[in-house]
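I have placed the structure first, in the form of structure tokens, so that the comments after it can refer back to it.
Given the structure is predicted, the values throughout are model-derived calculations rather than measurements. Because only heavy atoms are used, hydrogens play no part in the values below, and waters and symmetry mates are left out as well, while side chains stay in.
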Amino acid sequence: NDLVFASRLSGSGFPTLTGHTLTATGDVTASSAIPDPFGGASASALFTGAGSRLSTGISEDFLPGTLYTIRGWAYVDSLSVTTGIVFIGTIGSGADRTQIVVLTDGSINFYSQGASQVFSATSAAGVITTGNWFFFEAVRDGIEAFLFVNGTQVAYSLASGTETTGSNLHLGYGTTSGTDRGLTGRLFDVQFSRRAEHREAYSVPTALLPFDGDKVAWIYDSVTA
């Protein structure tokens, strides 16, 4: 049940892609104002807070299930409010959601809720700081949920049940306490795969994540098309 699609930034902006359509809401731009995670000039997707996001629209490809990994690079400009990184579900709904958010104390949370909470894996405070790239990886492997930052496991939770989220995937968005939580910052080289990429510490990528045919699904990267 692996799925494959690719999307890339074009020279004129974000996004152009194959396989799925990413729709920009609010102010989302391709920006190279700061170096990419590898010190190069590749553009990243710049989000400007509440109301800005990238969305795939409805697709059963994004029903999470019990075996998947969501990973990529993020850059947070501010921790003044909770910041959404990735959200699967329905905009404005606190039920039926799977998400990755950064909280105001610098902790990062990987959370899923169906009719009730499925799992919640939250790191210690201060794991995330502003003004620098970090590599996040959220893994669901059956009854276990893992959360990694820069290759180190920062949170873990046992899961009970299957996510029953809506099949809409949004980048740069989350929701807590009934409030939309947009990202003020950047995303780069984000990937969704139908497997558990890691269950223990690993070395962070030093280049773009590899595309290996039928094994992974690219959400986007920032290589000029």
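- One finds the CG atom of Asp27 at 13.0 Å from the CZ atom of Arg53 (value rounded to the nearest 0.5 Å).
- Once rounded to the nearest 0.5 Å, the distance linking CG of Asp36 with CZ of Arg186 reads 10.5 Å.
- The aromatic rings of Phe87 and Tyr173 lie perpendicular to each other, with more than 60° between the two planes, well past the 30° mark.
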Stepwise side chain to side chain donor-acceptor pair (under 3.5 Å) test for Ser120 and Asn109: CA-CA 7 Å; Ser120 182; Asn109 172 251; 3.1 Å; yes

Just do the side chain to side chain donor-acceptor pair (under 3.5 Å) check on Ser107 and Asp105 with the steps written out, would you? CA-CA 6 Å; Ser107 61; Asp105 64 358; 2.6 Å; yes

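- Under the 4.5 Å side-chain criterion, counting only non-hydrogen atoms from C-beta, Ile85 is in contact with Leu187.
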List the steps, then state whether side-chain contact (heavy atoms from CB on, under 4.5 Å) holds for Ile88 with Phe192. CA-CA 12 Å; Ile88 304 175; Phe192 183 103; 4.2 Å; yes

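- Residues Phe146 and Phe110 place their aromatic rings such that the two centres sit no closer than 6.0 Å.
- Checked by atom type, the side-chain pair Ser177/Thr179 shows no donor-acceptor distance below 3.5 Å.
- In this structure, the ring of Phe38 has its center less than 6.0 angstrom from the ring center of Trp73.
- A heavy-atom distance below 4.5 Å is found between the side chains of Phe134 and Phe136.
- Asp96 places none of its side-chain heavy atoms less than 4.5 Å from the side chain of Gln113.
- With rounding to the nearest 0.5 angstrom, the CG atom of Leu171 is 9.0 Å from the CD1 atom of Ile70.
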Apply ring-ring contact (aromatic ring centres under 6.0 Å, His included) to the pair Phe135 and Phe148, showing each step before the final yes or no. CA-CA 8 Å; Phe135 190 75; Phe148 298 88; 9.8 Å; no

May I have the step-by-step check of side-chain contact (heavy atoms from CB on, under 4.5 Å) for Arg140 and Val118, ending in yes or no? CA-CA 11 Å; Arg140 173 80 190 269; Val118 178; 4.0 Å; yes

